[in-house]
Amino acid sequence: MSSLTLNSPHRKRNTYTWLYFLLPSIAIMMLFFIYPILLTFFYSFTNLALTGESARELKFIGLDNYTRMFQDPAVRISIWNTLIFLFGSAVIGQQVLGFLIALLMKHKNKLFRRVVGTIVLAGWVTPEIVSALCLYSFFGDNGTLNAIITSFGLPEVTWLFTVPMLTIILANIWNGTAFSMLIFQAALDDVPSEIEEAAVVDGASRWQILTRIILPYIKDSITTNMMLVTLQTLGVFGLIYAMTGGGPGTSTTTLPIFMYNQAFINYQLGYGTAISLLLLLIGIVLSLFYIRSMK
Amino acid sequence: MNTKQRKLIFHFLPHTVLVLIAISFLLPLLWVLVASVDLSAMQSLKIPENLTLGNYIDVIASSENQRAFLIGLVMSLGQAVLVVILGLLAAYPLSRYQLKYKKPFMLTILFMTSLPITAVMVPVYQLFLSLKLYDNIAGVILFYVASSLPYGIWMLKNFMDSVPGDLEEAAWVDGASVFVAMRKIVAPLMVPGICTVAIFTFSGSWGNFFVPYILLQSPEKFPAALKLYQFFGQYGMVDYGKLAAFSVLYAIPSVVMYILSQRFMSKGFGLQGGTKG
């Protein structure tokens with residue numbers, strides 16, 4: 001708390017000064033952030049479209065967008081794709097791999113840590129469109145991965161067509177793992193080494209030390225990191241869009257891609273908004289968990 | 001397996017795993033770096049036959065590309081400056097006064113930092129059409145500012161809490177106004193915090209693709225991120241060398257920002273704020 005006391009002259013004189021300070025920020029956030037969120041709720045009950053008859057006349061269509069959404073098999077596919085993408089790249093990929101890297105790097109040679117850490121960080125620092133490009137060419141038909149495989153005498157694989165979901169999952173892992181690595185490195189540094197040493201003296205195995213001491217100790221970091229990484233991954237658009245465009249077919253169409261296609265390719269803004277609301281609700285639930293974990 | 005073998009395995013296994021991970025992370029990145037200086041770059045990583053800076057020179061010489069980089073810089077810098085100014089103003093009462101609704105306000109701010117902005121882009125597009133801000137660079141900056149203000153306010157408030165209030169009181173006694181005290185006393189003591197927020201805002205906006213992609217239409221208004229995507233679609237299959245050179249040039253500001261941020265970042269900092277998707 002600041003040391004300003006209630007009887008400080010300035011505080012008395014400027015009882016409402018704080019309003020002037022806060023007003024510009026509140027106004028701009030209201031207009032460009034909160035208002036669009038409220039609009040999301042509103043538009044999702046309308047037939048809003050960019051072209052055609054409904055473009056001229058905005059009508060309330062009740063829950064039609066929602067009934068359509070729950071009947072639309074394409075929505076089910078997108079939700080399923082989103083879950084696979086979230087689980088594969090956020091939970092398993094970034095979270096577990098980030099933890100593994102942080103754990104293995106502990107107590108290693110300083111230069112070795114620096115080199116490995118910098119390489120992993122480079123993927124994180126790279127902007128998403130560049131990441132998409134690097135991974136696109138890596139998995140491309142004439143790309144680096146196929147060049148490596150054929151040099152071992154194995155047949156080429158059309159990665160982006162045969163296993164498109166795997167390629168975007170790996171791309172997101174490449175682009176995001178460093179964040180988890182940094183969080184877990186900091187968390188692991190906080191585990192007191194005396195506890196670990198005591199456990200070793202008592203004859204605990206490496207596995208026991210990991211599951212009984214380290215993991216419970218860094219529980220809070222795991223929860224918070226999980227929320228942040230999941231939220232981040234939920235909103236991924238550019239990486240997928242530039243690599244596969246949601247295809248082939250609908251095999252990599254996650255909710256953001258599906259929302260984009262409905263709103264801007266099919267011009268069904270109302271329907272697109274209903275889908276963004278779904279995305280938003282998932283985000284809100286995760287954010288609430290995140291805030292709880294911060295307290 | 002005896003103890004000795006076991007020890008050996010536990011010594012070499014982690015190193016091997018880490019080296020393998022590092023190689024798989026390195027390969028895609030190596031391609032973009034090597035291809036950018038290769039006259040006859042291909043889709044796969046190969047040793048360049050003719051080293052050249054031609055790709056870079058071609059990319060830099062194009063006035064279209066120069067404009068895209070300039071627009072990107074203006075957008076990201078403009079956003080960073082506005083977020084810092086507005087954020088400092090908002091953080092001041094939140095840090096210094098005992099406001100009635102401070103706690104719920106700060107929780108709302110924290111909540112907003114973690115919402116995925118991808119989810120609000122369709123209504124924002126609609127809003128921009130009705131406000132006649134669509135295809136307007138200033139409009140994009142305003143939206144960026146709004147979407148990163150929660151993070152900025154949250155961080156700056158926390159940084160401001162650590163600046164003692166006595167110094168300001170002394171300035172007030174000497175006749176300085178609240179604004180002057182803030183500008184001359186509080187802000188200079190918060191330079192690391194201000195830099196952190198500015199750097200994060202800048203790189204977030206520099207790397208963002210979705211927001212300008214939705215809100216801008218005319219190719220002559222495209223920032224570097226969109227230009228690169230356009231380039232990818234138009235010449236991607238033909239001219240890997242130039243594409244790679246463009247990518248490297250475009251990634252440089254992000255790398256520089258990251259290196260700068262290392263000077264201000266403290267340990268475990270990442271969990272204090274949210275991320276944007």
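In the text below, chain A, chain B and the rest are named by the order of the sequence lines, each starting its count at 1. Computed from a predicted model, the values in this text were never measured in an experiment.
There is no contact between A:Leu278 and chain B, counting heavy-atom distances below 4.5 Å. The parts of A:Ala242 that come within reach of chain B are both its backbone and its side chain, each placing non-hydrogen atoms under 4.5 angstrom from that chain. Residue B:Phe128 touches chain A through its side chain alone, counting heavy-atom pairs closer than 4.5 Å. Contacts of B:Val145 with chain A are made by side-chain atoms alone, with heavy-atom separations under 4.5 Å and no backbone atom involved. Using a 4.5 Å cut-off between heavy atoms, B:Val17 contacts chain A through its side chain alone, with no backbone atom that close. In this structure, chain B has a heavy atom under 4.5 Å from the side chain of A:Thr177, while its backbone stays farther away. Only the side chain of B:Leu133 comes within contact range of chain A, with at least one heavy atom under 4.5 Å from a heavy atom of that chain. With a 4.5 Å cut-off on non-hydrogen atoms, A:Leu97 touches chain B through its side chain but not through its backbone. Contacts of A:Leu121 with chain B are made by side-chain atoms alone, with heavy-atom separations under 4.5 Å and no backbone atom involved. Using a 4.5 Å cut-off between heavy atoms, A:Tyr260 contacts chain B through its side chain alone, with no backbone atom that close. In this structure, no portion of B:Ile252 lies under 4.5 Å from any heavy atom of chain A.
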What side-chain donor-acceptor pairs closer than 3.5 Å can you find for residues 22-36 of chain B, not counting sequence neighbours?
unit_1: B:Ser24; atom_1: OG; unit_2: B:Leu20; atom_2: O; d: 2.7
unit_1: B:Ser24; atom_1: OG; unit_2: B:Ile21; atom_2: O; d: 3.3
unit_1: B:Trp31; atom_1: NE1; unit_2: B:Met42; atom_2: O; d: 3.0
unit_1: B:Trp31; atom_1: NE1; unit_2: B:Gln43; atom_2: O; d: 3.1
unit_1: B:Ser36; atom_1: OG; unit_2: B:Leu33; atom_2: O; d: 2.8
unit_1: B:Ser36; atom_1: OG; unit_2: B:Tyr56; atom_2: OH; d: 2.7

Which donor-acceptor pairs under 3.5 Å do side chains of residues 22-39 of chain A form with protein atoms, sequence neighbours excluded?
unit_1: A:Ser25; atom_1: OG; unit_2: B:Leu86; atom_2: O; d: 3.2

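Note that the CG atom of B:Leu228 and the CD1 atom of A:Ile129 stand 6.5 Å from one another [nearest 0.5 Å]. Within the model, atoms CG of A:Leu133 and CZ of B:Phe246 stand 11.0 Å from one another, a figure rounded to the nearest 0.5 Å.
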Going through the distances and angles, do B:Leu88 and A:Phe21 end up as a side chain to side chain contact (heavy atoms under 4.5 Å, CB included)? CA-CA 9 Å; B:Leu88 275 176; A:Phe21 285 82; over 6 Å; no
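A tilted orientation is assigned to the rings of A:Phe237 and B:Tyr213, their planes being inclined by 30° to 60°. Between A:Trp124 and B:Tyr258, the two ring planes are perpendicular [angle over 60°; tilted spans 30° to 60°].
The candidate from A:Ala122, A:Gly143, A:Gly238 with the greatest count of non-hydrogen atom pairs under 4.5 Å with chain B is A:Gly143.
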